[in-house]
Undergrad: 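One structure follows; several queries about it will come next.
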Amino acid sequence: MTYLHTHEGAAKPHTHEGMGSPHTHDQIPQPHADGAEQAHPSQLHRTGHAAGAQPLMSFRDFCFAYDEEATLRHIDLDIYAGDSVVLMGYNGSGKSTLLKAMSGLVFPQRGEYRFDGQLVDERSMKDASFAKRLHARVGFIFQDSDSQLFCSNVEEEIAFGPRQMGLPEAEVSARVDDICALLDIEKLRGRAPYHLSGGEKKKVAIACILSMNPDVYCFDEPLNGLDVKTRDWLYGFLQKLKAAGKTLIIATHDQSLADALADYFVYMGEQHEYSDIPHVHINR
């Protein structure tokens with residue numbers, strides 16, 4: 001079913017595919033007359049995980065600030081293995097910071113984040129073996145590919161992650177060969193990353209993460225700055241990752257990409273809170 005609706009602050013009406021019925025702001029649980037607290041938006045998720053399953057990624061009262069300026073406030077969110085989640089919201093609402101937190105790159109001043117039941121904080125990430133396991137299971141593809149690429153050539157870039165995982169050199173070489181063939185970037189193997197086009201850099205950045213075969217892929221505005229051909233390729237690639245059962249968390253302003261991939265949407269509000277726009281669309 002397709003329906004037309006608007007969100008508060010949206011530039012124009014838009015549609016979502018796959019909804020069983022319209023989900024409007026009027027249908028969001030409201031505070032009861034007795035003052036009872038309204039349902040948290042996570043309670044609106046209707047994901048397909050098995051009964052009794054534990055979340056793969058769990059945030060509880062997660063708060064983070066840069067130089068005392070709040071970026072994430074009181075985040076409570078569970079994401080299960082195999083979920084495809086799209087983060088949406090205004091620029092500066094905290095989407096990118098939440099992705100960094102998932103990847104163990106920033107830590108809360110209050111609250112906690114657990115991955116597969118294990119606490120992820122500054123102390124745990126100082127344990128080299130723990131940090132290696134987390135980075136092997138959670139891949140983060142930055143919005144700006146230049147922030148991710150630093151080796152002398154593409155082959156070294158793709159091999160870097162598997163080598164950090166301690167894989168035998170024969171396995172590293174096999175993974176590089178397989179990924180280059182899969183993404184059709186064999187001709188780039190000897191090229192320096194800074195000599196590549198924007199689309200080529202994006203493919204190489206994805207190849208670097210793909211070579212580690214993580215369980216979770218975090219994409220920050222993956223379509224930004226790409227030409228039509230590369231955008232079309234990336235659409236298809238993300239759909240293949242979803243079909244393969246990978247957990248996807250994607251921050252994007254692109255509504256068509258969101259509708260194509262999301263099992264549900266998480267909206268971040270201007271106050272850097274998931275809870276201040278208690279509105280979750282389900283695409284199932």
Undergrad: Could you go through the side chain to side chain contact (heavy atoms under 4.5 Å, CB included) check for C218 and V138 one step at a time?
TA: CA-CA 7 Å; C218 298; V138 182; 4.0 Å; yes
Undergrad: Within the side chain of S211, is there an N or O that forms a donor-acceptor pair under 3.5 Å with the backbone of R175?
TA: no
Undergrad: Measure from the side-chain N and O atoms of H74 to the backbone N and O of C63, and report whether any donor-acceptor pair falls under 3.5 Å.
TA: no
Undergrad: Give a yes or no on whether the backbone of Q148 and the side-chain of K201 come within a donor-acceptor separation of less than 3.5 Å.
TA: no
Undergrad: Is there a donor-acceptor pair under 3.5 Å between the side chain of Y113 and the backbone N or O of M102?
TA: yes
Undergrad: Would you name the heavy atoms of F142 and S147 that are closest together and state the gap between them?
TA: CD2-CB, 4.2 Å
Undergrad: Step by step, would you call D184 with W233 a side chain to side chain contact (heavy atoms under 4.5 Å, CB included)?
TA: CA-CA 11 Å; D184 192 24; W233 171 83; over 6 Å; no
Undergrad: Is there a side-chain contact between Q255 and M88 in this structure, where contact means two heavy atoms from C-beta onward sitting under 4.5 Å apart?
TA: yes
Undergrad: Side-chain donor-acceptor pair under 3.5 Å between S256 and Y235, yes or no?
TA: yes
Undergrad: Would a 4.5 Å heavy-atom cut-off, applied to side chains only, mark R189 and V176 as touching?
TA: yes
Undergrad: Whether the side chain of D67 engages the backbone of E69 through a donor-acceptor N/O pair (distance < 3.5 Å, no angle test) should be reported.
TA: no
Undergrad: Got M125 and V120 here, is their nearest side-chain heavy-atom distance under 4.5 Å?
TA: yes
Undergrad: Identify the two heavy atoms, one from P193 and one from S152, that lie closest to each other, and give their separation to 0.1 Å.
TA: CD-O, 3.9 Å
Undergrad: Salt bridge check, K242 against D263: does any charged N sit closer than 4.0 Å to a carboxylate O?
TA: yes
Undergrad: Given 3.5 Å as the limit, does a donor-acceptor pair link the side chain of T252 with the main chain of E221, or not?
TA: no
Undergrad: Between L72 and V106, is a side chain to side chain contact (heavy atoms under 4.5 Å, CB included) present by the stated rule, with each step listed?
TA: CA-CA 11 Å; L72 294 172; V106 299; 5.8 Å; no
Undergrad: For residues M57 and L119: do they belong to one hydrophobic cluster (side chain heavy atoms under 4.5 Å, members Ile, Leu, Val, Met, Phe, Trp, Tyr)?
TA: no
Undergrad: Are L248 and Y217 close enough that some pair of their side-chain heavy atoms sits under 4.5 Å apart?
TA: yes
Undergrad: Does the side chain to side chain donor-acceptor pair (under 3.5 Å) test come out yes or no for S124 and D127, once each step is laid out?
TA: CA-CA 5 Å; S124 65; D127 181 333; over 6 Å; no
Undergrad: So, does D76 use its side chain to make a donor-acceptor pair with the main chain of D61 at under 3.5 Å?
TA: yes
Undergrad: Are the side chain of K95 and the backbone of G89 linked by a donor-acceptor contact shorter than 3.5 Å?
TA: yes
Undergrad: Does Y194, at its OH atom, have more than 12 non-hydrogen atoms belonging to other residues, nucleotides or ligands within less than 6.0 Å?
TA: no
Undergrad: Under 30°, 30 to 60°, or over 60°: which ring-plane class applies to F150 and F160, parallel, tilted or perpendicular?
TA: perpendicular
Undergrad: Closest approach of I185 and A207, non-hydrogen atoms and distance?
TA: CD1-CB, 4.0 Å
Undergrad: Atom CG of D116 and atom CG of D215: how far apart are they, to the nearest 0.5 Å?
TA: 8.0 Å
Undergrad: Could you give the distance from NE2 (H135) to CD (Q164), rounded to the nearest 0.5 Å?
TA: 11.0 Å
Undergrad: Taking C-beta and beyond as the side chain, do L241 and F219 meet within less than 4.5 Å on heavy atoms?
TA: yes
Undergrad: Is the backbone N or O of A170 less than 3.5 Å from a side-chain atom of S173, with the two atoms forming a donor-acceptor pair by type?
TA: no
Undergrad: Between CD1 of I75 and CZ of F62, what distance do you get to the nearest 0.5 Å?
TA: 8.5 Å
Undergrad: Under 4.0 Å between a Lys/Arg side-chain N and an Asp/Glu carboxylate O for R191 and E157?
TA: no
Undergrad: To the nearest 0.5 angstrom, please state how far the CG atom of L188 sits from the NZ atom of K203.
TA: 8.5 Å
Undergrad: Any side-chain heavy atom of L183 sitting closer than 4.5 Å to one from F237?
TA: yes
Undergrad: Can you tell me how far CD1 of I158 sits from CG of D178, rounded to the nearest 0.5 angstrom?
TA: 11.0 Å
Undergrad: Side chain to side chain contact (heavy atoms under 4.5 Å, CB included) for E169 and R163? Distances and angles first, verdict last.
TA: CA-CA 7 Å; E169 197 60 30; R163 283 181 178 142; 2.6 Å; yes
Undergrad: Please give me the minimum heavy-atom distance between V172 and A159, naming the atom from each residue.
TA: CG1-CB, 3.6 Å
Undergrad: Look at the side-chain heavy atoms of Ile, Leu, Val, Met, Phe, Trp and Tyr, link any pair under 4.5 Å apart, and say whether L99 and Y66 land in one connected group.
TA: yes
Undergrad: Under the rule for side-chain hydrogen bond (donor to acceptor under 3.5 Å, both in side chains), what residues qualify as partners of N91, not counting sequence neighbours?
TA: H253
Undergrad: Return the minimal non-hydrogen interatomic distance between G139 and P214, and the atom names on each side.
TA: N-CB, 3.9 Å
Undergrad: Would you say F59 and L98 make side-chain contact, with heavy atoms under 4.5 Å?
TA: yes
Undergrad: At what distance, to the nearest 0.5 angstrom, does OG of S93 lie from CG of L87?
TA: 8.5 Å
Undergrad: Can a salt bridge be assigned to the pair R60 and D78 using a cut-off of 4.0 Å between side-chain N and carboxylate O?
TA: yes
Undergrad: Using a strict threshold of under 4.0 Å (side-chain N to carboxylate O), is an ion pair present between K202 and D227?
TA: no
Undergrad: Is there a side-chain contact between P222 and I141 in this structure, where contact means two heavy atoms from C-beta onward sitting under 4.5 Å apart?
TA: no
